[in-house]
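For reference, positions follow the sequence shown, starting with 1.
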Amino acid sequence: MALAVDAGDFAGLARYGLFGGLGHQAYLRRAEEQLTALHRQGLEVHLRVLEAADFEDYCEALGLDPRMPAARVAYAGDPELAGEPFVYAGERLAELVPVLLDDHRARVRMSVACAALLGAVGDDPAGQFRMAAVMRYVTSVYLALAEGAGEGCHLLTLRCHGPEDGEELTSAADVCVEEGQLYPAGRDAEAFCVTLAAGIALGGEGALLLHGDPSVGVRADGRTEDRSAPAGGPPDSPATEARPRPPVRGWALAGGRLRPMTAHEVFDELADDAARGLPFPPGVDPRPGFPLPGFRGHGEGGGPLG
């Protein structure tokens, strides 16, 4: 089932008569009633976002009439949708919509990155072999980042692009570790790994940042310290104010290779992000990146897939 959860998308699609004259809120209430009824019957319902521009492009590409119910059904069940299906589990729609939108944005990032990755490695048997090698390497990098991050829920951010004015790819994912165990990764982590794989396969340029959990500080000796429940007084006490700042570590992607940044480079990257419109994280401690696994697929000529 495809849901027009965004009011703008709903308005753009209403001109095709898809919603029977309903307003957006009335449409959402009816959709919730339908979902609840199907869930109570024990049926597994897969959801996706009904996005106006994407739906219109889909219909044009396949020669479908967007006014016909069959077009919407085909769009909802499109097998080209990236990743595993989003399964409805009985949630209220007010709780479900933000999660579904996050899932949709991650799918879009994954689709764009997959296209870039396939373009870099090719679709012949040799290309499939190269893709498998890159994905194995990216998995090892992701696990090394989680291990190096330590306890807590940390944020990974990535931006990269091809060496010749390639489209910029961006992604972000949480990495959560508790008692040494890495929490199961969601769609954002999948999108992050595919985006990094595309940047490596393209021989791209960019930056990867690991934002430490603000509730877990890092002391001068490198050991972590839980800041979520301070023992030295109330949250605004002087002892709490003196506690360590959350670290941000970074790696530069250059020629499809990852190398640790210096603390100064990490600060410059945060400043560049702020210049691009992202908020500069307050009270952080820029730190050098730690060593990450090397990619044995790199050849002597410097290319990532040589």
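In this structure, P214 and P246 approach most closely via the heavy-atom pair CA-CB, 3.7 Å. Nearest heavy-atom pair, L292 versus A144, reported as atom, atom and distance to 0.1 Å: CD2-CB, 4.0 Å. Taking all atoms of both residues into account, the shortest heavy-atom contact from A173 to F192 is CB-CB, 4.0 Å. Taking all atoms of both residues into account, the shortest heavy-atom contact from A26 to L22 is CB-CD2, 4.1 Å. Closest heavy-atom contact between L28 and A4: CD2-O, 4.2 Å. A113 and L169 get closest at one heavy-atom pair: CA-CD1, 4.4 Å.
Looking only at distances, a side-chain donor or acceptor of R249 sits under 3.5 Å from a matching main-chain atom of P288. Of the possible donor and acceptor atoms, none in the side chain of H264 sits under 3.5 Å from a partner among the backbone N and O of M261. Within the 3.5 Å criterion, the main-chain N or O of A89 finds a donor-acceptor partner in the side chain of E91. Within the 3.5 Å criterion, the main-chain N or O of G12 finds a donor-acceptor partner in the side chain of R15. At least one donor-acceptor pair under 3.5 Å links the side chain of Y58 to the backbone N or O of A74. Judged purely by atom type and a 3.5 angstrom limit, E51 has no side-chain atom pairing as donor or acceptor with the backbone of D9. The backbone N or O of G255 lies less than 3.5 Å from a partner atom in the side chain of E205, making a donor-acceptor pair. Between the R72 side chain and the A2 main chain, a donor and an acceptor come within less than 3.5 Å of each other. Side chain of R287 to main chain of A263: no donor-acceptor pair is present (N/O by atom type, distance under 3.5 Å, no hydrogens or angles). Between the side chain of Q181 and the main chain of E178, no donor-acceptor pair closer than 3.5 Å is present.
Within a 6.0 Å sphere centred on CZ of R30, other residues, nucleotides and ligands contribute 12 heavy atoms or fewer. Surrounding CG of D123 are at most 12 heavy atoms belonging to other residues, nucleotides or ligands under 6.0 Å away. Summarising the local packing, CZ of F290 is surrounded by more than 12 heavy atoms from other residues, nucleotides or ligands at distances under 6.0 Å. By the neighbour-count criterion of 12 heavy atoms within 6.0 Å, atom OH of Y16 is densely surrounded, having more than that number from other residues, nucleotides or ligands.
For the pair H24 and D6, the minimum side-chain heavy-atom distance is 4.5 Å or more. Side-chain contact between L210 and H154 is present, with at least one heavy-atom pair separated by less than 4.5 Å. No side-chain heavy atom of L43 sits under 4.5 Å from any side-chain heavy atom of Y88. With contacts defined as side-chain heavy-atom distances shorter than 4.5 Å, the pair V248/P286 does not qualify. Between M1 and L38 there is a side-chain heavy-atom pair separated by less than 4.5 Å. Counting heavy atoms from C-beta outward, I200 and V138 have side chains that approach closer than 4.5 Å. Between L35 and L93 the shortest side-chain heavy-atom distance falls below 4.5 Å. For the pair L156 and L209, the minimum side-chain heavy-atom distance is 4.5 Å or more.
Defined by atom type and a distance below 3.5 Å, a donor-acceptor pair is present between the side-chain atoms of Y75 and D54.
With sequence neighbours left out, C176 forms a disulfide bond (SG atoms under 2.5 Å apart) with C153.
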Show, in sequence, the C-alpha distance, side-chain angles and deciding distance for C160 and T195, and conclude whether the side chain to side chain contact (heavy atoms under 4.5 Å, CB included) test is met. CA-CA 8 Å; C160 59; T195 303; 4.2 Å; yes
May I have the step-by-step check of side chain to side chain contact (heavy atoms under 4.5 Å, CB included) for V49 and F86, ending in yes or no? CA-CA 10 Å; V49 171; F86 186 101; over 6 Å; no
Intermediate values then yes/no, side chain to side chain contact (heavy atoms under 4.5 Å, CB included), Y142 and V175: CA-CA 9 Å; Y142 181 82; V175 177; 3.9 Å; yes
Given the rule in the salt bridge (charged side-chain N to carboxylate O under 4.0 Å, His left out) test, do E168 and R276 qualify, once you have shown the distances and angles that lead to the verdict? CA-CA 13 Å; E168 183 168 79; R276 286 188 287 266; 5.5 Å; no
Run the side chain to side chain contact (heavy atoms under 4.5 Å, CB included) test on R159 and E269 for me, step by step, so that the C-alpha distance in whole Å, both residues' side-chain angles and the decisive distance to 0.1 Å come before the verdict. CA-CA 11 Å; R159 63 168 188 85; E269 179 62 26; 2.8 Å; yes
Trace of the side chain to side chain donor-acceptor pair (under 3.5 Å) decision for E44 with H46: CA-CA 7 Å; E44 184 174 278; H46 298 173; 2.8 Å; yes
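D103 contributes atom CG, which lies 10.5 Å from atom CZ of R48 (distance to the nearest 0.5 angstrom). R187 CZ to D102 CG: the interatomic distance, rounded to the nearest 0.5 Å, is 11.5 Å. Note that CD of E32 and CG of L3 are 10.5 Å apart. Values are rounded to the nearest 0.5 Å. Atom-to-atom distance recorded for D272:CG and E265:CD is 11.0 Å, nearest 0.5 angstrom. The CG atom of L18 sits 6.0 Å away from atom CG of L13, with the distance rounded to the nearest 0.5 Å. In this structure, the separation between CE on M110 and CG on L117 is 12.5 Å, given to the nearest 0.5 Å.
In the hydrophobic clustering of ILVMFWY residues, with side-chain heavy atoms under 4.5 Å counting as a link, V99 and L50 come out together. Note on L155 and L196: separate hydrophobic clusters, where clusters join Ile, Leu, Val, Met, Phe, Trp and Tyr whose side-chain heavy atoms are under 4.5 Å apart, directly or indirectly. Clustering ILVMFWY residues whenever any of their side-chain heavy atoms sit less than 4.5 angstrom apart, transitively, puts V141 in the very cluster that holds L143.
The one candidate from R105, R109, R107 that meets the salt bridge (charged side-chain N to carboxylate O under 4.0 Å, His left out) condition with D188 is R109.
Below 30°, between 30° and 60°, or above 60°: for F10 and Y27 the angle between ring planes is between 30° and 60°, a tilted geometry.
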